[in-house]
Protein chains: 2
Amino acid sequence: MTRTLSTQEKPPTPRERARAQTVADIIRLGREHLALHGAAALSLRAVARDLGVVSSAVYRYVESRDELLTLLLIDAYGELGDQVDAAVDILPEGDYRGRFLALGRAVRDWALREPSSYALLFGSPVPGYQAPAERTTGPGTRVIYRLVGIFDAAHRAGAMAAEPPSAVVIPPALARDLHAIRHELGLSVPEAVLARGVLVWTSLFGAISFEVFGQYGADTFAARDELFEHQLAVLLGIVGL
Amino acid sequence: MTRTLSTQEKPPTPRERARAQTVADIIRLGREHLALHGAAALSLRAVARDLGVVSSAVYRYVESRDELLTLLLIDAYGELGDQVDAAVDILPEGDYRGRFLALGRAVRDWALREPSSYALLFGSPVPGYQAPAERTTGPGTRVIYRLVGIFDAAHRAGAMAAEPPSAVVIPPALARDLHAIRHELGLSVPEAVLARGVLVWTSLFGAISFEVFGQYGADTFAARDELFEHQLAVLLGIVGL
DNA sequence: CAACAAATGTGAGCAGTGCTCTTGACTTGC
DNA sequence: GCAAGTCAAGAGCACTGCTCACATTTGTTG
């Protein structure tokens, strides 16, 4: 199966080709505006100007400004996922620590390179905009699935401490959630480790968000690379890897 | 010293009183709009309508929309700081674990109660708006100062592991930053513990941000209170408390 | 090739935004 | 009582998202 865009596998007509090209141009220009001015300032009229067309014309291709935001959201999730996959895949499957570090660095590098896109994905929600779950959950779960995949593989290989250091009791309600996740994803890691994995996940993005969103202040931390590396190292220890 | 609004300590004239009241009303209405529609959708015209006045009139009291945002920012920082202080202060000074847990819960409770204010403080920056550092760094550092204060007091009292479990080497550049922080705040905690404290700080807000910003998905975690408590417990272990 | 229909671009228009400026009214202090 | 200071009003500019009637282009089909 190569493509499942439509029921019939007709080759695209010239019209369809031109239309797809225009939509691609709109997304490209939207990304530029997003990078320059941020998500909440994204203007369909400005995109139309750059496209050399009157503002109402873009509505032929994009339903609304929110629709364009959704397209940019999916685009950004895809790019982040690709970056993470590329960074992880160059390391051998058994190098669990290396793969975790590569994942963390890939996310941070991308976030620092595309702060507006990162803000769109992981920052405050854009007012009046609700991402359609049916179109964004798929691309939006690539990084976390990759992360738990690394943890699970490490656990299966016996490279991970079966019980986390200094065990913390997990209340039943939380255990139920974790059990459901384990079951749904077919994981073998015990729930206590999975819980730590969730903390590592949120902590990773917390550290990156602080840096991208300027919470560290202007000059408190000069050695940000080293700080992040240290944080990754400690997080490795948390999950027992 | 009660107030240092002006150089002379004259009692406020009726004009000044009325003016201060109007500014307070604008902030109050601004907070309502912020809570309802988010920061980027904050409209001075809408506030003016609610105030029963024409839009240009509010410019007599507030320089610009960004100025109003700054006022709301300071207001929110103050409210968060008060909540944290109140939650921490009811516990005895020597209950370091309890104080840490109280701080974390207070931040989370406030964030869930005022998600738009939380987003204004810790989410993506509002496009085109740059918070004036000279007015916001003071209120914005209350929580982290309180947090390191708890850690430092615990260390001074010998209630904290002097060396964190499973030591991670700290590179020189990062050590310099940490040393400067220690010196500036007059802390006694060793740099390795301070570094972990920074991770705990970012991880705490990472966990809260994920919850407030909806990164967990709709129904993956039903037991969010328990999840957060678990995260707090693990974070306690990270810093050796 | 010509004709037709679908797809696409145009420009006006509505309601909203931040912000500025002039004008007139009002309050305060002398 | 009057001048000075203060304030609200309203018009106006440039921008936004979005809709709609109309014109033009374009691909397909008779």
Side-chain angles (χ1 to χ4, degrees), chain A residues 6 8 10-27 29-30 32-34 36-73 125-131, chain B residues 6 8 10-27 29-30 32-34 36-73 120 125-130:
Chain A
S6 58
Q8 66 262 31
K10 292 270 181 66
T13 70
R15 267 232 162 96
E16 286 173 352
R17 281 185 53 85
R19 184 176 182 84
Q21 181 59 50
T22 305
V23 172
D25 285 348
I26 290 175
I27 292 179
L29 292 171
E32 291 177 15
H33 279 89
L34 180 67
L36 285 176
H37 314 293
L42 180 67
S43 157
L44 256 181
R45 286 182 115 111
V47 170
R49 273 195 298 273
D50 284 12
L51 200 63
V53 99
V54 95
S55 73
S56 56
V58 289
Y59 285 89
R60 301 268 179 212
Y61 301 93
V62 166
E63 206 177 33
S64 64
R65 198 194 87 119
D66 286 4
E67 163 82 7
L68 177 57
L69 268 182
T70 299
L71 293 176
L72 293 174
L73 199 74
V126 180
Y129 170 71
Q130 181 63 35
Chain B
S6 57
Q8 64 262 28
K10 294 270 181 65
T13 69
R15 263 230 166 97
E16 287 172 350
R17 282 186 52 85
R19 183 177 183 84
Q21 182 58 50
T22 305
V23 172
D25 284 348
I26 290 174
I27 293 179
L29 292 171
E32 290 177 14
H33 280 88
L34 181 67
L36 285 176
H37 315 293
L42 181 67
S43 157
L44 258 180
R45 288 183 115 112
V47 171
R49 270 196 299 274
D50 283 13
L51 200 63
V53 100
V54 94
S55 72
S56 58
V58 290
Y59 285 90
R60 298 262 171 216
Y61 303 93
V62 166
E63 208 177 31
S64 64
R65 198 195 85 120
D66 286 5
E67 163 81 7
L68 178 56
L69 268 182
T70 300
L71 293 176
L72 294 174
L73 199 73
L120 179 61
V126 181
Y129 171 71
Q130 181 63 33

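Lettering follows sequence order; numbering is per chain, from 1. Basis for what follows: all heavy atoms, side chains included, without hydrogens, waters or symmetry-related copies. Note that the structure is predicted; figures quoted are calculated from it, not measured.
Separating the CD1 atom of I26(B) from the C1' atom of dA8(D) is a distance of 12 Å, rounded to the nearest angstrom. Per the geometry, NE2 belonging to H33(A) stands 13 Å off C1' belonging to dT16(D), to the nearest Å. If you measure from atom NE2 of H37(B) to atom C1' of dG16(C), you get 13 Å, rounded to the nearest angstrom. One can place CG of L44(B) at 5 Å from P of dG18(C), the figure rounded to the nearest angstrom. What separates CZ of R45(B) from P of dC19(C) is a distance of 10 Å, to the nearest Å. We find that CD of E16(A) is positioned 12 Å from C1' of dA7(C), with the value rounded to whole Å. Computed from coordinates, the E63(A) CD to dG17(D) P distance equals 15 Å when rounded to whole Å. Nucleotide dG18(C) holds its P atom 15 Å from the OH atom of Y129(B), rounded to whole Å.
R19(B) and R60(B) make their closest contact through NH2-O, 2.6 Å (heavy atoms, listed as atom of the first residue, atom of the second, distance). Residue T70(A) comes nearest to Y129(A) through the heavy atom pair OG1-OH, 2.6 Å, listed as atom of the first residue, atom of the second, then distance.
Checking S64(A) against Y59(A) by side-chain atom types alone, no donor-acceptor pair falls below 3.5 Å.
Side-chain nitrogen and oxygen atoms of S43(A) include at least one within less than 4.0 Å of the OP1 or OP2 phosphate oxygen of dG17(D). For the OP1/OP2 pair of dC7(D) and a distance below 4.0 Å, the side-chain nitrogens and oxygens of R19(B) include at least one atom meeting the criterion.
Within the 4.5 Å cutoff, the side chain of L69(B) has no heavy atoms near those of the L73(B) side chain.
For residues 49-62 of chain A, proximity to DNA chain C is found at V53(A), V54(A), S56(A), A57(A), R60(A), Y61(A), defined as any non-hydrogen atom under 4.0 angstrom from a strand atom.
Note on R65(B): only backbone sugar-phosphate atoms sit closer than 4.0 angstrom, heavy atoms only; bases stay farther off. The residue L42(A) sits close only to the backbone: its heavy atoms come under 4.0 Å of sugar-phosphate atoms, none of a base.
Residue E63(B) places its CD atom among 12 or fewer non-hydrogen atoms of other residues, nucleotides or ligands, all under 6.0 Å distant.
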Show me the donor-acceptor pairs within less than 3.5 Å that the side chains of residues 41-58 of chain A make with the rest of the protein, sequence neighbours left out.
unit_1 : atom_1 : unit_2 : atom_2 : d
S43(A) : OG     : R45(A) : N      : 3.2
S43(A) : OG     : A46(A) : N      : 3.0

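E32(A) CD to I27(A) CD1: the interatomic distance, rounded to the nearest 0.5 Å, is 12.5 Å.
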